[in-house]
Chemist: 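Quick one: structure below, then a few questions.
Predicted model only: the values in this text are computed from it and were never measured. Just so you know, ligand 1 is whichever comes first in the structure, and atom 1 is the first atom listed for that ligand.
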Amino acid sequence: MPKERVVLAYSGGLDTSVMIKWLIEEKGLEIIALVGDVGQKRQDLEFIRKKALAIGAMECLVIDMREEFVNQFLTKALAANALYENKYPLVSALSRPIIVKHLVQAAEQYNAQYIAHGCTGKGNDQVRFEVGAITLNPELKILAPVREWDLLTREQEMAWASERGIPVPTTVAEPYSIDDNIWGRTIECGILEDPWAEPPAGVYQLTEDPDKGPDEPQYVVLGFQKGVPASLDGQTMSFKEIIEALNEIGGRHGYGRIDMIENRLVGLKSREIYETPGALALIEAHKALEDLTLERDLLHYKLTIEQEWATQVYYGHWYSPLKQALDAFLLSTQEAVTGEVRLKFWKGTCLAVGRRSELSLYDYGLATYGAEDKFDREASKGFIDIFGLSVKTWAKQQRKLG
Ligand code: ARG
C-alpha cells in the first residue's frame, strides 16, 4: 500500500522542522512541506526549502502569496476597517486563511489525506487552520503534533532533534513569540505575560519610540479607488507598495503600537503587543473617506457589520457563508469610496486632517453657518415636534404619575 501523505505548514523554525521527522517516524507519512511568503521578515526561503528536504520532506513548496494576500485578503479587511475588539487589525487572523487555502490546494494536487500545522493547543491559530481547512475540503484530516507529542519543553525538542541530525538553533531562543506579515507584527509571551509590565523597548522592530520620532510632522496624501488604496502623494502605486511605504513612514514617526488584553476564542485573555503602522494608518484614512462619501444610514449600519466581520475572521471563519455574505455587503459599500485623504504623522500619532472626493456628500451650502447657508431652518421646527412627540407624550405621563 502506498504511504499516506500530509501537507505541513512549514516555517523553517524548530517546531515545524522537528515535525517533519516526527510525522515520518510516528505516523509513517510522506511529507509535503509548504512555506507561504506573506511578507514576513525571515531567513531566506531557499534555505528553508533545502532544510525541509534535508530533514526528509519529499517536497517543499515555497509560495509567494504576497500579491494574493494584499489583493484578496487585505482589500476585504480594509473595506471592513477591521479591528478585533476595536483595536487589533487581525494580522495573524488574516494570514492563516490564505495559507490554509494553499495547503488544501497542495493536498488535492498531491493526493494528501492530511494537513498538519505547528500551532499550540491554546491559541486561535489552530482554530483558524482547522476550521478553514475543513470548510474548504471537509474530507481532509488534520494533524496538530504540538497538541499530541510529548516534547514539552524546548530543551526536550532540541535533544530529540539533535539525536536525529535535525539542525537546532545555536542562538538563544527569542524571549517572545512573534508572527509577522505585510499587515504588521505580533509579539507575545515572556515578560509580556505580566499585564502590568510595560513592554521593554526591545520588543519593537517596526516602530520607533514615539518620543524619538522626528520633530517635524509629515503629511501624506493617500488616494483611494472604490475603497482600495491607489496612490501616495499623487503617485500611482499598488496597494502592496502603499502598505510598505506607510509601514516605513508610520514606523519612523513612532506610530502603530498596540498594547492590549485580548479575548481569545478558546476563552482566555492574553496580553498582546502589535506593531501595525501601515494597517492602522490605512484604516484611519479609509474611515475618513467613508465619513465623507457614505450615506448616513449606510455608514451606521456598516459599523455593525464591521464588528461582526472582524469577530468572524478572528474566529477562523474566513470561508464561512456568513463571512462571505458580509463581504458582499462591504464590497457594495465601497463603490462610493473614491477620493483622497491627507494624513499627518507626528510623534506616535496619525490623524486624517483632510479629505476630498468627487462623490462627497458634504454639501457646503447645507453645512455652513455663513452667508451662503441654504439649509431650511424653518423646517426644523416641525421635524423636531414630530420626532420628539413620542418621548414628550411619555414624559407628560411620567409627570402625572409623580
Ligand atoms: N493574538 C493574535 C491572534 O490571535 C496573534 C497570534 C500570533 N500567532 C502566533 N503564532 N504567534 O491573532
Side-chain angles (χ1 to χ4, degrees), residues 8-19 34-42 65 69 73-74 76-77 80 82-100 103 115-133 142 144-147 154 157 169 173-195 199 203-206 256-276 279-280 283 307 309-319 323:
L8 166 68
Y10 185 59
S11 72
L14 180 65
D15 283 346
T16 51
S17 294
V18 165
M19 222 164 270
L34 186 147
V35 185
D37 181 1
V38 284
Q40 68 272 43
K41 308 252 175 314
R42 290 285 157 79
M65 304 178 186
F69 185 48
F73 291 73
L74 300 185
K76 295 187 172 94
L83 295 172
Y84 177 65
E85 296 185 337
N86 283 335
K87 293 195 188 95
Y88 164 47
L90 295 171
V91 177
S92 306
L94 292 166
S95 75
R96 298 312 184 249
I98 187 172
I99 297 169
V100 161
L103 291 170
I115 277 182
H117 61 74
C119 306
T120 67
K122 59 196 273 187
N124 298 311
D125 290 328
Q126 53 174 348
V127 184
R128 296 170 184 151
F129 271 114
E130 299 186 28
V131 172
I142 316 280
V146 176
R147 289 202 302 246
R154 193 173 162 87
E157 228 180 306
E174 270 264 12
Y176 310 109
S177 164
I178 311 280
D179 185 46
D180 66 330
N181 62 54
I182 190 168
W183 207 228
R185 188 165 172 269
T186 78
I187 310 119
E188 302 168 313
C189 302
I191 177 73
L192 304 173
E193 287 177 355
D194 173 0
V203 309
Y204 297 108
Q205 282 184 9
L206 299 180
R257 296 181 175 184
I258 300 163
D259 177 342
M260 70 186 281
I261 300 294
E262 169 180 304
N263 288 289
R264 286 195 191 166
L265 177 52
V266 294
L268 57 91
K269 289 187 189 290
S270 67
R271 165 65 162 318
E272 305 281 333
I273 303 298
Y274 300 114
E275 292 185 281
T276 59
L280 290 181
I283 291 171
Q307 287 266 347
W309 193 97
T311 305
Q312 289 298 319
V313 170
Y314 186 87
Y315 286 0
H317 276 314
W318 183 270
Y319 296 106
K323 150 69 175 50

Chemist: Show the atoms of ligand 1 that are less than 4.0 angstrom away from any heavy atom in R96.
Modeler: 8 (N), 10 (N)

Chemist: Is any N or O atom of T186, backbone or side chain, closer than 3.5 Å to an N or O atom of ligand 1?
Modeler: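 No, no N or O pair falls under 3.5 Å.
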
Chemist: Based purely on interatomic distance, does E272 place a nitrogen or oxygen under 3.5 Å from a nitrogen or oxygen of ligand 1?
Modeler: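 Among all N and O atoms of E272, at least one is under 3.5 Å from an N or O of ligand 1.
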
Chemist: Determine the minimum heavy-atom distance between G118 and M19, stating which atoms define it.
Modeler: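 Looking at all heavy atoms of both residues, the closest pair is CA-CE, 3.5 Å.
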
Chemist: Would you call Y88 a ligand 1 contact, heavy-atom distance under 4.0 Å?
Modeler: yes

Chemist: Tell me, with the steps shown, if F129 and L103 meet side-chain contact (heavy atoms from CB on, under 4.5 Å).
Modeler: CA-CA 9 Å; F129 271 114; L103 291 170; 3.8 Å; yes

Chemist: Can you check whether V131 reaches Y319 side chain to side chain, under 4.5 Å on heavy atoms?
Modeler: no

Chemist: For atom 2 (C) of ligand 1, which protein heavy atom lies nearest, and how many Å away is it?
Modeler: Y274 OH, 3.2 Å

Chemist: Counting only nitrogen or oxygen atoms and a 3.5 angstrom limit, does N124 reach ligand 1?
Modeler: yes

Chemist: Of all heavy-atom pairs between P199 and R271, which one has the smallest distance, and what is that distance?
Modeler: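 Between these two residues, the closest heavy atoms are CD-NH2, 3.5 Å.
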
Chemist: Could you find the nearest protein heavy atom to atom 9 (C) of ligand 1 and give me its residue, atom name and distance?
Modeler: D125 OD2, 3.4 Å

Chemist: Using side-chain hydrogen bond (donor to acceptor under 3.5 Å, both in side chains) as the criterion, list what pairs up with D194, not counting sequence neighbours.
Modeler: none

Chemist: Would you tell me which option among G316, S92, C119 has the nearest heavy-atom contact to atom 5 (C) of ligand 1?
Modeler: S92

Chemist: Determine the minimum heavy-atom distance between Y10 and T16, stating which atoms define it.
Modeler: CD1-OG1, 3.4 Å

Chemist: Which ligand 1 atoms, with their elements, are less than 4.0 angstrom from a heavy-atom of E262?
Modeler: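 Once the distances to E262 are compared, the set is 1 (N), 2 (C), 3 (C), 4 (O).
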
Chemist: Mark up the atoms of ligand 1 that fall under 4.0 Å of a heavy atom belonging to R128, in ascending order.
Modeler: 3 (C), 4 (O), 12 (O)

Chemist: Against heavy atoms of S177, which atoms of ligand 1 measure under 4.0 Å?
Modeler: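 Every atom of ligand 1 under 4.0 Å from some heavy atom of S177: 11 (N).
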
Chemist: Under the ring-ring contact (aromatic ring centres under 6.0 Å, His included) criterion, do F69 and W183 qualify, and how do the steps go?
Modeler: CA-CA 10 Å; F69 185 48; W183 207 228; 8.0 Å; no

Chemist: Would R264 and E188 count as a salt bridge (charged side-chain N to carboxylate O under 4.0 Å, His left out) here? Give the steps.
Modeler: CA-CA 13 Å; R264 286 195 191 166; E188 302 168 313; 3.3 Å; yes

